[in-house]
Student: 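After the structure tokens below, expect a handful of questions from me.
Worth knowing before you read on, the calculation uses all heavy atoms, side chains too, and leaves out hydrogens, waters and symmetry mates. Order of the sequence lines sets the chain letters (A, B, ...), proteins ahead of strands, with each chain counted from 1.
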2 protein chains.
Amino acid sequence: MKEKIYVHVADDHKILIEGIMAVINTDKDIEIRGYSLTGQEVIDWFANKKNTADVLILDITMPILDGFQVLKYFKKKKIDQKVIILSSYDDVKIVQEVLNLGCKGYISKNNAGEHIVNAIKAVASGEQYFSNDIQNILLKSLSGQMVPQGEMPDKFLLDTLTERELDVLKLITKEYSTIEMADLLNLSVNTVETYRKSLLKKLNVKNSVGLAMYAVKNNVV
Amino acid sequence: MKEKIYVHVADDHKILIEGIMAVINTDKDIEIRGYSLTGQEVIDWFANKKNTADVLILDITMPILDGFQVLKYFKKKKIDQKVIILSSYDDVKIVQEVLNLGCKGYISKNNAGEHIVNAIKAVASGEQYFSNDIQNILLKSLSGQMVPQGEMPDKFLLDTLTERELDVLKLITKEYSTIEMADLLNLSVNTVETYRKSLLKKLNVKNSVGLAMYAVKNNVV
DNA sequence: AGAAGCCTCACTGTTTTCAGTGAGAGAGGT
DNA sequence: ACCTCTCTCACTGAAAACAGTGAGGCTTCT
């Protein structure tokens, strides 16, 4: 790990690329060599023999050829390009699909900041890397606890939950107490209690165990 | 990676610990601070505020609290201990279970020698590490080429539960309160509480939600 | 401009859970 | 006969969850 790791970033949101650059530039072992805003640009960039990168950070959703098509391009051309998917899409099917297409890492945008540097270093050195939430998704699908794709039973109900309520719901399944959640989320204990009560009401269950069971059944965790 | 990495090793076979020490001592960046022969010893060691280690090398099968229970201890106490599993057990379910419990690396004893130093360094610096064979197992199972294994990882733990404890565990997942359970089972409220407490202790979880989650993971319900 | 939804927090009071300890009765094995 | 395990129950005290109500600030849609 003495030499610099060269990275190329592809995402249709320029601001996100700038954010990634800011994070990565704090590490002297990594250098960003270029970026692309569409899948087509990525392919053009790598098609040019002069342009290479040890690691490609790739978004799934992009205009003019998406991430899948870029991966398929590499596969078709038998180019052994190391790719880390950076996606807000954390569906197990997506993850499996890109793994099959040969990508070596997958981190979700939620917590990209804390993972991206490690991910780049791991993948550059031949390892694989998945951020925690992605790992959880993979493991869940492994253990067959996934609701078979198709329609989920309570999709509508789940949709009525707000972001914060989901935060609390997830933490409850991890055995967090209200105080611990408040601490972690930087909220008042009263606020967290409010969310819990709201969840109990919305999901029509009796207690936190009911919330946890609901979360499991509906694949929240 | 200038400072020394302190390591604690836990395995019920002393000879194996000595072997690990021999391998690790060839690397000047790593120092073994202590070792344990049972899970209980591990917990005692880390429970002592003076004793810490950057990385814990942990065997799964040990007398008096196995590796799972050690991991659960850390989880319960919310101790962010970096753990590498060193196991001869290369079953997917085992691997995914320890990953769920927060362990950061997994190497099989078959080829521990060539991996252990790298694994320690990787995990110490916040990355994850899996030896080749473990990676293959994970990937194979991901792409559905794996025959699902029959036995559950926690069978041992589950087996330690008595009939009554199982009764209570099942009812907890159905959102029963203690009073309701006592009513249904024709028991005193105190008795039901005793079972709940026994469950909490045996399964090493913090609260009823933890019990419910355990039940789900192990197909009790 | 108004309505609706979300996020945030406070206050009060009740119920339940969690934790520790102790103990008697019965079943089963060594 | 002794030991261990299970089932059963009691008591106490602390911590957390549950329940109801109210309310201010913010954004978004109409």
Student: State, yes or no, whether a side-chain contact exists between Leu86(B) and Ile107(B) at a heavy-atom distance under 4.5 Å.
Tutor: yes

Student: So, do Leu211(B) and Leu203(B) sit near enough that their side-chain heavy atoms are less than 4.5 Å apart?
Tutor: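 A side-chain contact under 4.5 Å exists here.
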
Student: Could you tell me how far apart Leu211(A) (CG) and dC18(D) (P) are, to the nearest whole angstrom?
Tutor: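 It is 7 Å, rounded to the nearest whole Å.
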
Student: Distance check needed: dT8(D) C1' versus Glu165(B) CD, whole Å only.
Tutor: 13 Å

Student: What is the distance, rounded to the nearest whole Å, between atom NZ of Lys206(B) and atom P of dA15(D)?
Tutor: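 The answer, rounded to whole Å, is 14 Å.
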
Student: Measure from the side-chain heavy atoms of Thr178(A) and tell me the nearest of dC7(C), dC18(C), dA17(D).
Tutor: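 When the side chain of Thr178(A) is considered, dA17(D) is the closest of dC7(C), dC18(C), dA17(D).
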
Student: Think Thr162(B) has a side-chain N or O under 4.0 angstrom from the OP1 or OP2 of dC5(D)?
Tutor: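 So the side chain of Thr162(B) is outside the cut-off, no N or O lying under 4.0 Å from OP1 or OP2 of dC5(D).
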
Student: Contact class for Ser177(A) vs. all strands (heavy atom < 4.0 Å): base, sugar-phosphate, or nothing?
Tutor: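 If one applies the 4.0 Å heavy-atom cut-off, Ser177(A) turns out to touch the sugar-phosphate alone, with no base involved.
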
Student: Output the rounded distance in Å from CG (Asn204(B)) to P (dC18(C)).
Tutor: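 Asn204(B) atom CG is separated from dC18(C) atom P by 14 Å.
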
Student: Side-chain contact test, heavy atoms from C-beta onward, threshold under 4.5 Å: evaluate it for Tyr214(A) versus Leu199(A) and give yes or no.
Tutor: no

Student: Taking for each residue the nucleotide of DNA chain C with the nearest heavy atom, is it Tyr176(B) or Tyr195(A) whose nucleotide lies nearer the 5' end?
Tutor: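 Looking at the nearest nucleotide for each, Tyr195(A) comes out on the 5' side.
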
Student: Look at all strands and tell whether Glu163(B) reaches a base, only sugar-phosphate, or nothing, counting heavy atoms closer than 4.0 Å.
Tutor: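 The residue Glu163(B) makes sugar-phosphate contact but no base contact.
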
Student: Rounded to the nearest 0.5 Å, how far apart are CE of Met181(B) and CD of Glu193(B)?
Tutor: 7.5 Å

Student: Hey, which sits more toward the 5' end of DNA chain D by its nearest nucleotide, Asn207(B) or Leu187(B)?
Tutor: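 Whichever sits nearer the 5' end wins; that is Leu187(B).
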
Student: Using OP1 and OP2 only, check whether a side-chain N or O of Thr191(B) sits under 4.0 Å from dC7(D).
Tutor: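 It does not, given that no N or O in the side chain of Thr191(B) lies less than 4.0 Å from OP1 or OP2 of dC7(D).
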
Student: Taking only N and O in the side chain of Asn190(B), is any of them less than 4.0 Å away from OP1 or OP2 of dA10(D)?
Tutor: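 Looking at the OP1 and OP2 atoms of dA10(D), one of them is under 4.0 Å from a side-chain N or O of Asn190(B).
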
Student: Quick one: Leu185(B) CG to dC9(D) C1', roughly how many Å, whole number?
Tutor: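 Spelled out: CG on Leu185(B) to C1' on dC9(D) is 15 Å.
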
Student: Is the closest side-chain heavy-atom distance between Tyr195(A) and Asp167(A) below 4.5 Å?
Tutor: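 Side-chain contact under 4.5 Å: no.
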
Student: Starting from P on dA15(D), measure out to CD1 on Ile179(A) and report it in whole angstrom.
Tutor: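 Those two atoms, CD1 and P, are 9 Å apart.
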
Student: Could you check Arg196(A) against Thr194(B) and say which one's nearest nucleotide on DNA chain D is further toward the 5' end?
Tutor: Thr194(B)

Student: To the side chain of Leu200(B), which of dC7(C), dC7(D), dC18(C) is closest?
Tutor: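 Nearest listed nucleotide: dC18(C).
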
Student: I need the NZ-P distance between Lys197(A) and dT14(C), as an integer number of Å.
Tutor: 15 Å

Student: Can you tell me how far C1' of dT17(C) sits from CD of Glu175(B), to the nearest Å?
Tutor: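 In whole Å, dT17(C) C1' lies 16 Å from Glu175(B) CD.
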
